[in-house]
Amino acid sequence: MEFAWRILSSILSKIGEYLVDSIKHRANYLLCFKNIVDDLKKEEGNLRSTRDDVQYEVERAKRNTEEIEKRVENWLTDVQNVLEEIQRLEDDMQVKKSFLCGWCPNWGWRYKLSKRAVEMMNETVKLQDSGKFDRVSHFTTLPGVEGPKDFISFKPTEYAFSQIIEALKNDKINMVGLYGKGGVGKTTLAKVVGKEAKQKKLFDEVVMVTVTQNPNVKNIQGQIAESLNLKLNEEIVERRAQRLCSRLKNKRKTLLILDDVWEKLDLTIIGIPYGDDHKVCKLLLTTRQQHVCIRMGCQSRIQLDVLNEEEGLILFRKHVCMYNDSPPLNDVVTEVVGECRGLPIAIITIGNALREKTIDDWKDVSKKLKMSKFTDIEAVDQNVYACLKLSYDFLKAEETKFFFLLCSLFPEDYEIDLEELLEYGLGLGLYRDANSIEEARTQLRVTINNLKASCLLLDAKEGFVKMHDLVRDVALWITSKVGNVFMVKAGMRLKEWPKHQGLEQCTAISLLGTRIEVLPDGLVCPKLKILLLDGNNVEISDEFFEEMKTLEVASLSWIVLSVKSLQFLTNLVTLQLINCRLSDISSIKKLAKLVILRLEGYGIVELPEELGELSKLRMLDIRNCRKLKRIPAKVIPRLSRLEELYIGKNSFKAWEVEGTSAERSNASLSELYQLNHLTILTFNITVQPRLPKDFVLPTNLLRYEISVNDGDVGASYPKSRILKIRGIEVTSLFAFKVLCKNVQYLKLMGIEGCCQNIIPNIDETGLNELKRLDLKNFDDLECIIDTMKQQDVASTAFSNLVDLSLDSVGLREICSGGRPPRGFLENLETLNIRSCGSMSCLFPSWMLIQSLRKLKKVTVNSTCGELEDVFQLEGLCYAKENPFLLSTLESLHLDWLQNLRYIWKGPTQQVSLQSLTVVEVKWCNKLRYLFTLSLARSLLQLEQLKVWRCGSLEHIVEIKEAEENVGGGGNDIMFPKLRKLRLGELKNCINFCSQNYSSTWPALQELTLYLPLNSTTSFVAQLKANVLQTSKERLRVLEVGISDQLCNTVLAQLIHGFRNLEKLKIRDPRVQVLSQLEISLPSLKVLYLYQLQELECLCKGPTHLLSLPNLKRLEVFNCDRLRHMFSPSLARNFMQLEELIISWCGELEEIFNEDDAAEYNQTLLKDHLQWRLLFPNLSSIFIRRCDKLKSLFPVSIAHHLSLQNLTTLQLDTCHGLTHLVSSTTLVRNLLRLESIDIKDCGELEQIIVEDHTKEDHVQPGLFPNLSSISVNGCGKLKTLFPFNITQLGLQKLRTISVEKSFQLEELFGHKDEADMTSHREMVLPQLQQLSLEQLASLVNFCPVGYHFIFPSLSWLVVIECPKLTTRFSIDKNRSVHAEAKAPQTAKEDVDMELSPPKTTRDIKCWDYDSLRKRLPPYIGI
């Protein structure tokens, strides 16, 4: 009895504690209300600061054309939602904080508001923690498929184009072949097709890669991956192929264009899925031979014919600029075009060559073409060879001809770096009359432009050119017939030295893009001038260069050599050693004629002192010497003729500064000052905040990129003068004073000390060559320029500035002292201002505004708390003869400006916004209107208008008395190009226009309206008249919410239907049913139901009333009363649904319910309707925060569901979910499921409920396409899958990740354990990553007696799995083995936790090498 009483007392005591804690917790809501509110405001401020930091990085990334990470975008959206919710909470606090006229606290509301505040505070803290991103973006791929700008379509191209497009639209065709002669225009047409396919949305992604005559599988994989923004970290071709294939098989439709295919290509080796099972990826290949199309299995083969005579004449006349008929030339023109045989490349090159030539030149060309005989080439190409050869002959300068031939040394379709060409050209003695390298560079650009004008070279990315493969063939043919004999095997991936007769006559050898593994001991090449050699860490003998004494240019990559072996090359002028293992580097002093030296790679730790003996050296490039720690003192000054010095961010940084140490062993900055000929310089240096007084830099630089404490130095040749300085004292800026006189991009960050302005404090000359200015964390800066001290300020200042960015600067105004100097900001195009809290007016004078003649974009955001006006126009008088102000402004963004009262203050008749296309104004709570009447009438180009959370805004357009009837047009204001209008949470908005004016938007396609409950009748009436009636046919996107009148109006209009509406989002707390009347939206593809807190079901009444036949995406968020989604009858109306996303629906119990299943069956039987399985196109399901959801697919309706195309299943924080699939019948239908991701489902016990009936028992071969499964935080899950699944199933599984599932005992469970002596092997052939973390109960990977083999595994992580007895090992074939051991006794269990065996202690292996080192060798049985 006493024992029972003690137990009862303990229980009662515990209950008491819980009750007390609960009461205290609830009391805190009432008694600590003020503290909770204060804490919330503090955390809100912290969240805004974190949001601003992230947003800054996002904006920076966007300026660099980088693509923002999806998780970052989602985080910013979540932050915005939380901040809006906090604002609504604060609004509620103001309205409901008391009753009885404020004498008595409203305790009920105080409790609810306090509870909401705590919840919001917890959310803000979580968001702050999750907002610490290691990166916010990734580099975007430059557009890979862009149609040519001057493309002319003729009958052959039109016909082939239409045939290709039709074939690509055909679901039964997945590979199309385009074939035709070389130079007929296949590549050009393929680009046009790719552009059209992307623009017409036939495909989500279009990728174009060049295959070439010697296909390099890794290179092709890399091209495809880069276009898809996919990282291929694997080195092994097969594993790269697996990753690429997985990416191409996702749900996004991809067109892959394989250009220039010469023979049958093994698509599997590359990783390209094809065939009927992979219709999301289609192929278009181009080739010269029809038999290639046949061998590749192209279902559609399309020939691109040559041009007929008439079409050829049209194309020729265009390129020769013959726009009028010229009788004397007509006959010869016809003859020349006839010799081109209808090939566009021949017509274009000859046309450009004959431009502005005399009639005698034309006749001479015609005669030569007729007489040309090329007996050693295929007859099919003779004429085009003759045309291209004549274009070459027409080049006037021998240097131009030679540079054309030099371009043939690079691999086919290679992007040729002009800087590399320059180094080769200088080494070969071209441009001898140039007085400097920079002058030679200018001459090279002229040469290249001439070659491009002759259509012998093609444009590539900036600073690069390409050569058409046919033109390259002709260039190589020319080198075989004239004095310069080239041996070119570039890009052929050779591993052995090529057999070639006549090396004694060779002047150039190119083995770029090869992997030579063995080199001859020596070569007899007495005429060799240029050698380009890529090896495979191959060793060069000391005698290799002995018979190459005329060599002037050598570029060696991945070679092992002693620099001593180069001693024979006494005429060497240009030397490039790239990723070479070097010894005896001091021998470089013997290369006395060396002018250009480029060193790159990890092997160079210090430069030799003997480098200083290269007295003729003019260019030194050590940008990528990543381990370079030392440049000996006094070496650099001895290079007295040095003109260009490149030291990048990944290279030498240990510069010594004069005055900081008594003795020095490294080069100092003062040594650079001694280089009198230095004109180009890039380097990075780390210094203390206070620089010594004798800190000096070179002053006669034409171009430079110098980074101080910033670490951001470009990897390429600097095209401007760039200076970036961080974290030094303002007094130290004097050291850069000379550079500031001509700097073009200046970036100053974290400058310490008092500095009130840029001009005159930092520079008095006016910085008139500056084009871009970035200032950040500059607290004491009050203005950009101060004109008060006229004697210290230049008469002209900032006259060429294009881009001005100010971030966290203590700026009060841009220009202080009244009238700005001459030319001030007259070329400014972009202005970005962020977190400048002291500025009250952005442009406080119309005189300053008058100077903004080219301003295009203004962005002001984030805590510029004192800003009241943007453009101050007071004192401006209207005059017709005066030019309009701000007529070039294209974009205006204003965000989070809490004190902003006016965008335009003063008379606006002299302002014209005729170029403005985008306006976005958010969180400006004191702003009453956006535009005056005169401004609104000038908005003829406005395309996008967004106004959000501006609490005091009454009108978008305010009609001033003085402006009534300005510009005519009566009382209607038209926005003729407005396509996108977003108005949200404008709680005091009265109408779009004030007084009795109205507006029309005839081009509107996207409308978002989140209006307050008290929206005026007139506003809703105008919206209804303007949009819901007149814009029905044009409207594509519609989002509405909050306002009763508005939502009711919209829902009523839905009855009649928006025939072309593609996206609909509804947010209204009072909507209970989506459809009670008939709703038909035949084009709707996306439907969002957002915060419909009264929504109980989608449809009440006959289900045919809700008709959404083409809906592809349904997203439901925060619908608290929604209990189920689809009945079988309703689901019939969603047969095209592809994506289903449900989140924060706390009462949701079922997604697919069985309410009318029996009725549905009877209807089918009664009406003799064909049985159709439901959701046949559903590919993705994502469920989050639905705590009452117990099962996804009830047994009772499993036979109604198809789910045959489901590829992705994701569940997050569904605490009531006990199992995923309750019927193995349904599992057998999940043939395309690729990914399962389950997180924080604490009650989940089984993924598949294993039935015991014979027909429903788990069978082998399930989940045949599953590639990834991730389970995290599922505390009651004891096994991942039944073991039977692995028998013929999971054969494409690549990733298994299981974390924090504390009751998990086995990954693959089996109720009847195998015999202890039996040996059964299971293979998961494609498993690459296996991660097991924090699994306290995990004993085995699989049942005892079974043995798993992973041939492809490269990533194995086992952390905090103390009971795991599975032994991991690795065999000689690189396969990893997992062998389950027998269960432990209780004592052994304890011993295991204290001291687990070596093979199951924490394992962290992220590649094969670490696996081989960490795992023991496999011992077979």
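Along the sequence shown, residues are numbered consecutively beginning with 1.
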**Q** Given side chains that start at C-beta, do those of Ser887 and Gln914 come closer than 4.5 Å, heavy atoms only?
**A**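 With C-beta onward as the side chain, the pair touches.
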
**Q** Using the salt bridge (Lys or Arg N to Asp or Glu O under 4.0 Å) rule, take Glu705 and Lys724 through it: C-alpha gap first, then chi angles, then the decisive distance, then the call.
**A** CA-CA 8 Å; Glu705 184 168 0; Lys724 303 174 183 178; 3.7 Å; yes

**Q** Identify every side-chain donor-acceptor pair in residues 840-849 under 3.5 Å, counting partners at least two apart or on other chains, and give the distances.
**A**
from	atom 1	to	atom 2	distance (Å)
Ser845	OG	Met847	N	3.0

**Q** Run the numbers on Asp763 and Ile758 for side chain to side chain contact (heavy atoms under 4.5 Å, CB included), then give the verdict.
**A** CA-CA 6 Å; Asp763 180 83; Ile758 302 296; 5.5 Å; no

**Q** Taking the side chain from Asp869 and the backbone from Phe871, do they hold a donor-acceptor pair closer than 3.5 Å?
**A**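 A pair under 3.5 Å: no.
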
**Q** Do Val82 and Thr124 come close enough that some side-chain heavy atom pair is under 4.5 Å?
**A** yes

**Q** Got more than 12 heavy atoms from elsewhere within 6.0 Å of NZ, Lys854?
**A**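 It does not: Lys854 NZ has 12 such atoms or fewer within range.
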
**Q** Looking at Met974 and Pro1002, what are the two nearest heavy atoms and their distance?
**A** CG-CD, 4.1 Å

**Q** A quick test of your reading: do over 12 heavy atoms of other residues, nucleotides or ligands sit less than 6.0 Å from NZ of Lys741?
**A**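 At most 12 heavy atoms, drawn from other residues, nucleotides or ligands, come within 6.0 Å of this atom.
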
**Q** Whether the Asn768 and Ser799 side chains hold a donor-acceptor pair (N or O, under 3.5 Å, no angle test) is what I'd like checked.
**A**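 The answer is yes; a qualifying pair exists.
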
**Q** Let me see the working for Lys747 and Met749 under side chain to side chain contact (heavy atoms under 4.5 Å, CB included), right down to the final yes or no.
**A** CA-CA 7 Å; Lys747 184 178 183 180; Met749 297 166 290; 3.2 Å; yes

**Q** So, taking the atom named CG in Leu983 and the one named CG in Leu945, what distance separates them when rounded to the nearest 0.5 Å?
**A** 6.5 Å

**Q** Does a side-chain heavy-atom distance below 4.5 Å link Thr859 with Leu831?
**A**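 Contact flag for Thr859/Leu831 side chains = no.
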
**Q** Just do the salt bridge (Lys or Arg N to Asp or Glu O under 4.0 Å) check on Lys905 and Glu868 with the steps written out, would you?
**A** CA-CA 10 Å; Lys905 188 174 183 181; Glu868 296 184 1; 5.9 Å; no

**Q** Evaluate the salt bridge (Lys or Arg N to Asp or Glu O under 4.0 Å) criterion for residues Glu920 and Lys922: first the C-alpha distance (whole Å), next the side-chain angles of each, then the deciding distance (0.1 Å), finally the verdict.
**A** CA-CA 7 Å; Glu920 189 171 299; Lys922 299 184 296 182; 3.5 Å; yes

**Q** Hey, are the side chains of Val919 and Leu942 touching, using non-hydrogen atoms and a 4.5 Å cut-off?
**A**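 In contact.
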
**Q** Taking the six-membered ring for Trp, is the centroid-to-centroid distance between Trp1001 and Phe992 below 6.0 Å?
**A**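 Ring centres of Phe992 and Trp1001 closer than 6.0 Å.
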
**Q** Regarding Arg822 and Thr796, do their side chains bring together a donor and an acceptor under 3.5 Å, going by distance alone?
**A** yes

**Q** Identify the heavy atoms of Thr830 and Leu855 that sit nearest to each other, and give their distance.
**A** N-CD1, 4.5 Å

**Q** Check step by step if salt bridge (Lys or Arg N to Asp or Glu O under 4.0 Å) holds for Lys977 and Glu943.
**A** CA-CA 5 Å; Lys977 292 191 176 182; Glu943 296 179 5; 5.8 Å; no

**Q** Is any side-chain heavy atom of Trp923 less than 4.5 Å from a side-chain heavy atom of Cys950?
**A** no

**Q** Is a donor on one side and an acceptor on the other found under 3.5 Å between the side chain of Gln850 and the backbone of Leu852?
**A** no

**Q** Do Glu764 and Lys737 sit within salt-bridge range, that is, some charged N less than 4.0 Å from a carboxylate O?
**A**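 Yes, this pair counts.
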
**Q** Check the pair Asn899, Lys926 against side-chain hydrogen bond (donor to acceptor under 3.5 Å, both in side chains), reporting the backbone distance first and the verdict last.
**A** CA-CA 6 Å; Asn899 284 305; Lys926 293 188 178 179; 2.8 Å; yes

**Q** From Asn996 CG over to Asp972 CG, what is the distance, rounded to the nearest 0.5 angstrom?
**A**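 The distance works out to 11.5 Å.
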
**Q** In Å, rounded to the nearest 0.5 Å, how long is the span from CD1 of Ile706 to CD1 of Ile725?
**A**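 If we round to the nearest 0.5 Å, Ile706:CD1 and Ile725:CD1 are 8.5 Å apart.
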
**Q** CG of Leu873 to CH2 of Trp904: how many Å apart, nearest 0.5 Å?
**A**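 It comes to 8.5 Å.
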
**Q** For Gln898 and Asn925, does a side-chain donor sit closer than 3.5 Å to a side-chain acceptor?
**A** yes

**Q** Under the side chain to side chain contact (heavy atoms under 4.5 Å, CB included) rule, what do Glu769 and Arg721 come out as? Steps first, then yes or no, please.
**A** CA-CA 10 Å; Glu769 294 195 38; Arg721 295 180 286 276; 2.5 Å; yes

**Q** Side chains of Val802 and Arg772: closer than 4.5 Å at any heavy-atom pair?
**A**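 No, side chains not in contact.
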
**Q** Looking at every heavy atom in both Phe824 and Cys815, which two are closest together, and how far apart are they?
**A**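 Heavy atoms only, the tightest pair is CE2-CB, 4.0 Å.
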
**Q** I want to check something: taking the side chain as every heavy atom from C-beta on, are Val921 and Leu930 in contact at a cut-off of under 4.5 Å?
**A** yes

**Q** Indicate whether the side chain of Ser915 and that of Thr888 have a donor and an acceptor atom separated by less than 3.5 Å.
**A** no

**Q** Hey, is the main chain of Gly951 close enough, under 3.5 Å, to the side chain of Asn988 for a donor-acceptor pair?
**A** yes

**Q** Quick one: pull up CD in Gln995 and NZ in Lys960 and give me the separation to the nearest 0.5 Å.
**A**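 So the CD of Gln995 and the NZ of Lys960 are separated by 10.5 Å.
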
**Q** Testing Leu773, Asn827, Leu828 one by one against Phe798 for a side chain to side chain contact (heavy atoms under 4.5 Å, CB included), which residue passes?
**A** Leu773

**Q** Mind listing the closest non-hydrogen atom pair of Lys719 and Arg703 along with its distance?
**A**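 Between these two residues, the closest heavy atoms are C-CD, 3.3 Å.
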
**Q** Using a 3.5 Å distance criterion without hydrogens, assess whether the side chain of Trp948 forms a donor-acceptor pair with backbone atoms of Glu985.
**A**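 No, the answer is negative, given that no donor and acceptor are paired below the 3.5 Å cut-off.
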
**Q** Quick one: do Phe931 and Leu913 satisfy side chain to side chain contact (heavy atoms under 4.5 Å, CB included)? Show the steps, please.
**A** CA-CA 10 Å; Phe931 307 108; Leu913 304 179; 4.1 Å; yes

**Q** Looking at every heavy atom in both Val730 and Cys755, which two are closest together, and how far apart are they?
**A**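 Where Val730 meets Cys755 most closely, the heavy atoms are CG2-CB, 3.3 Å.
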
**Q** Closest heavy-atom contact between Ile751 and Glu729?
**A**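 Heavy-atom minimum between the residues: CG2-C, 4.3 Å.
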
**Q** Between Tyr745 and Asp774, do the side chains contain a donor N or O and an acceptor N or O under 3.5 Å apart?
**A** yes

**Q** Does any part of the side chain of Val918, heavy atoms only, come nearer than 4.5 Å to the side chain of His893, both counted from C-beta?
**A** yes

**Q** What's the separation between atom CG in Leu781 and atom CG in Leu806, rounded to the nearest 0.5 Å?
**A** 8.0 Å

